[in-house]
Amino acid sequence: MDMQTGRGVRLSLKQRYILLLIAAGLIIAYQFTRNRPETRKMARIEGLRANTSQFTLERKPFRILGGSIHYFRVPRAYWEDRLLKMKACGINTLTTYVPWNLHEPERGVFNFEDQLDLEAYLRLAASLGLWVILRPGPYICAEWDLGGLPSWLLRDQNMKLRTTYPGFTRAVDSFFDQLIKRAVPHQYSKGGPIIAVQVENEYGTYAKDEAYMPFIKEALLSRGITEQLLTSDNKEGLTLGAVKGGLETLNFQKLDMSDIKYLEKVQPQRPKMVMEYWSGWFDVWGDLHHVFSADEMLQVVTAILKLDMSINLYMFHGGTNFGFMSGALAHRLPTPKAMVTSYDYDAPLSEAGDYTTKYHLLRNLFSLYHTQPLPELPSLHERRAYQAVVIQQHLSLWDSLSFADKPLKSEKPVNMENLPVNNNNGQSYGYTLYETVITTAGTLNSKNNVRDRALVFVNKHFVGVLDYKTQELPLPDGQGKRTLSLLVENCGRVNYGKTLDEQRKGLIGDIELNKLVLRDFIIHSLSMKPGFVNRLENAGQWMSMRQKPSFPSFFQAKLYVNSFPKDTFIKLPGWGKGFVFVNGKNLGRYWSIGPQQTLYVPGPWLQRGNNQVIVFEEQESDGKIQFASNPDYGMPVDVQ
Ligand code: GLA
């Protein structure tokens with residue numbers, strides 16, 4: 001008001017226009033700052049707290065209903081599908097490990113893209129309303145080669161993994177510099193979904209160095225981790241695996257009240273959580289397929305919830321150990337047993353994303369712990385049993401060698417990790433071919449230096465297999481100089497137990513013929529990476545199937561898909577042992593001894609029209625590749 005005239009202030013058109021602009025500017029600025037993480041941070045109340053007998057989140061009592069899905073075991077195109085199905089089951093928290101070996105394939109070379117785009121995974125979880133517990137290792141166990149540690153660490157003959165040995169801590173520091181800065185912005189306090197971070201993994205049963213857990217904890221804190229810290233162990237390792245300020249959580253499958261009482265005793269008046277409730281179990285080659293009863297699972301989960309505890313289902317959805325990523329089991333065994341390719345785990349959501357009985361039982365149970373009805377079940381992806389395809393061409397292993405890295409001449413055998421390949425990071429996975437000239441027949445003795453399995457040839461004729469059990473092989477008579485070849489496969493490094501430092505592969509020492517040490521090797525590194533398989537595809541040496549193939553060989557076929565590509569499973573009933581590539585992606589190993597008899601082929605990895613299938617087979621082939629719409633994991637047996 002104009003106090004003198006008593007009339008309202010009259011603004012010119014121009015003044016009104018300016019005022020309008022200022023108002024619009026203010027609104028835009030407000031919206032902008034509101035969405036900035038710092039502002040969201042202020043708006044956020046308080047993250048996960050574990051100071052009393054119950055978790056609180058945002059100052060309200062909170063129960064973690066968690067489930068594990070590893071982004072590196074699920075094709076990226078299916079991340080959303082699996083997480084939506086998780087959400088629809090009533091899970092409120094996603095837990096995932098981080099596989100160091102994939103993120104840093106060569107020392108100092110990092111990959112956080114595509115299938116390994118952890119940040120995209122975290123953003124996706126957040127967008128679906130899932131909280132996240134991050135389990136960054138650096139050791140993750142997980143039935144994953146060397147428990148996720150990169151094999152190049154083993155180039156150091158004195159390496160002491162999971163200790164404060166400087167060669168190890170330096171490598172962890174440099175990996176965490178890259179990893180943790182990607183996790184920090186996704187923490188609750190920054191507006192993200194991460195409410196807790198696990199320190200290492202089951203260190204209590206390893207416990208080789210008291211200074212190690214404090215080191216890992218500090219490595220997280222100093223890089224900006226601010227959310228609740230956790231440790232996860234079985235009962236035996238619980239206290240040894242703990243860190244100051246971290247909440248100790250338990251891992252188990254069958255309910256034993258004395259475990260829970262023990263947790264309460266060592267950590268009174270804190271929230272109780274089963275970090276790994278094993279919903280099923282994993283399988284190893286040459287054994288049966290493990291299943292865990294859905295009813296028993298339900299009983300135990302019900303009991304855990306009645307005890308007011310939090311839970312994480314390991315696994316909620318297992319997925320697949322694509323490529324050569326599966327680990328090996330050595331614990332309480334005389335010799336290691338390699339893990340199979342599927343990580344179905346008999347989990348609530350199957351390898352191909354199907355709902356199982358466990359899923360439905362859990363959904364009913366979890367719905368009681370939600371005030372809102374659970375989301376509708378997302379629809380399933382169709383699968384197809386494509387028509388069998390006939391192998392068109394083959395290329396022998398011997399002919400493929402010219403497409404591999406230049407071979408190394410060495411007086412003595414050199415183990416995979418110490419080969420001068422991969423920018424001097426050594427060979428990590430796959431096969432290594434050791435060749436030398438012999439002039440006599442007699443007994444070949446591996447001196448137990450084969451890791452893990454060698455196909456033995458004299459002048460390219462197969463003579464037998466050397467492995468942990470068979471350490472001696474008679475070589476046939478013959479005249480003059482002959483080439484002895486050992487194609488040694490790394491079947492997967494042990495992922496659990498005290499022998500991690502010993503997981504070197506290939507020939508790890510001398511071998512003898514008639515008690516004389518063999519010398520002067522030519523060593524071919526055959527890590528079977530996509531680049532190599534691509535080069536093979538275009539090689540001129542492929543032969544038609546009219547000519548009988550020799551073994552080992554690569555086999556090529558085309559799968560023609562005439563409509564939208566669907567998920568399928570590959571079956572190779574007349575074949576022995578090897579691995580399969582589809583359109584440049586390694587689906588993993590197959591082996592007729594089972595239990596697993598099918599390999600999962602995700603639809604998004606296929607295309608309309610022709611699809612290139614390449615099979616590497618060590619010993620036999622029936623000339624065709626079959627497809628099935630359902631998996632065959634082999635003869636089931638209850639988990640003991
Ligand atoms: C332990 C590990 C997991 C996994 C399970 C078995 O609890 O922490 O990584 O290996 O065993 O599946």
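Because the structure is predicted, anything quoted here is derived from the model rather than measured. For ligands, and for the atoms within them, numbers begin at 1 and follow the listed sequence.
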Participant: Show the atom names and distances, to 0.1 Å, of all donor-acceptor pairs under 3.5 Å that link a side chain in residues 316-323 to residues at least two apart or in another chain.
Facilitator:
unit_1: His317; atom_1: ND1; unit_2: Leu349; atom_2: O; d: 3.2
unit_1: His317; atom_1: ND1; unit_2: Ser350; atom_2: O; d: 2.9
unit_1: His317; atom_1: NE2; unit_2: Arg82; atom_2: NE; d: 3.0
unit_1: Thr320; atom_1: OG1; unit_2: Glu351; atom_2: OE2; d: 2.7
unit_1: Asn321; atom_1: OD1; unit_2: Arg73; atom_2: NE; d: 2.9
unit_1: Asn321; atom_1: OD1; unit_2: Arg73; atom_2: NH2; d: 2.9
unit_1: Asn321; atom_1: ND2; unit_2: Val340; atom_2: O; d: 3.1
unit_1: Asn321; atom_1: ND2; unit_2: Thr341; atom_2: O; d: 3.4

Participant: Do Phe110 and His103 make the cut of ring centroids closer than 6.0 angstrom?
Facilitator: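 No, they do not, as the ring centres are separated by 6.0 Å or more.
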Participant: Could you list the residues that satisfy ring pair (Phe, Tyr, Trp, His ring centres under 6.0 Å) with Tyr212, not counting sequence neighbours?
Facilitator: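 For Tyr212, the residues satisfying ring pair (Phe, Tyr, Trp, His ring centres under 6.0 Å) (neighbours in sequence not counted) are Tyr203.
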Participant: According to side-chain contact (heavy atoms from CB on, under 4.5 Å), who are the partners of Asp452, at least two apart in sequence or on a separate chain?
Facilitator: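 Partners of Asp452 by the side-chain contact (heavy atoms from CB on, under 4.5 Å) criterion, ordered by chain and then number, come out as Tyr468, Asn490, Cys491, Lys505.
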Participant: In terms of side-chain heavy atoms, does Glu143 have a donor or acceptor partner in Tyr343 at a distance below 3.5 Å?
Facilitator: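 The criterion, which ignores hydrogens and geometry beyond distance, is satisfied for Tyr343 and Glu143.
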Participant: Does the side chain of Asp256 pick up a donor-acceptor pair with the side chain of Ser258 at under 3.5 Å?
Facilitator: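 The criterion, which ignores hydrogens and geometry beyond distance, is satisfied for Ser258 and Asp256.
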Participant: At less than 4.0 angstrom from any atom of ligand 1, which residues have a non-hydrogen atom? List them by chain and residue number.
Facilitator: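 Around ligand 1, where the cutoff is 4.0 Å for heavy atoms, the contacting residues are Tyr97, Ile140, Cys141, Ala142, Glu143, Asn201, Glu202, Asn251, Glu276, Trp278, Trp281, Phe282, Tyr314, Tyr343, Tyr345.
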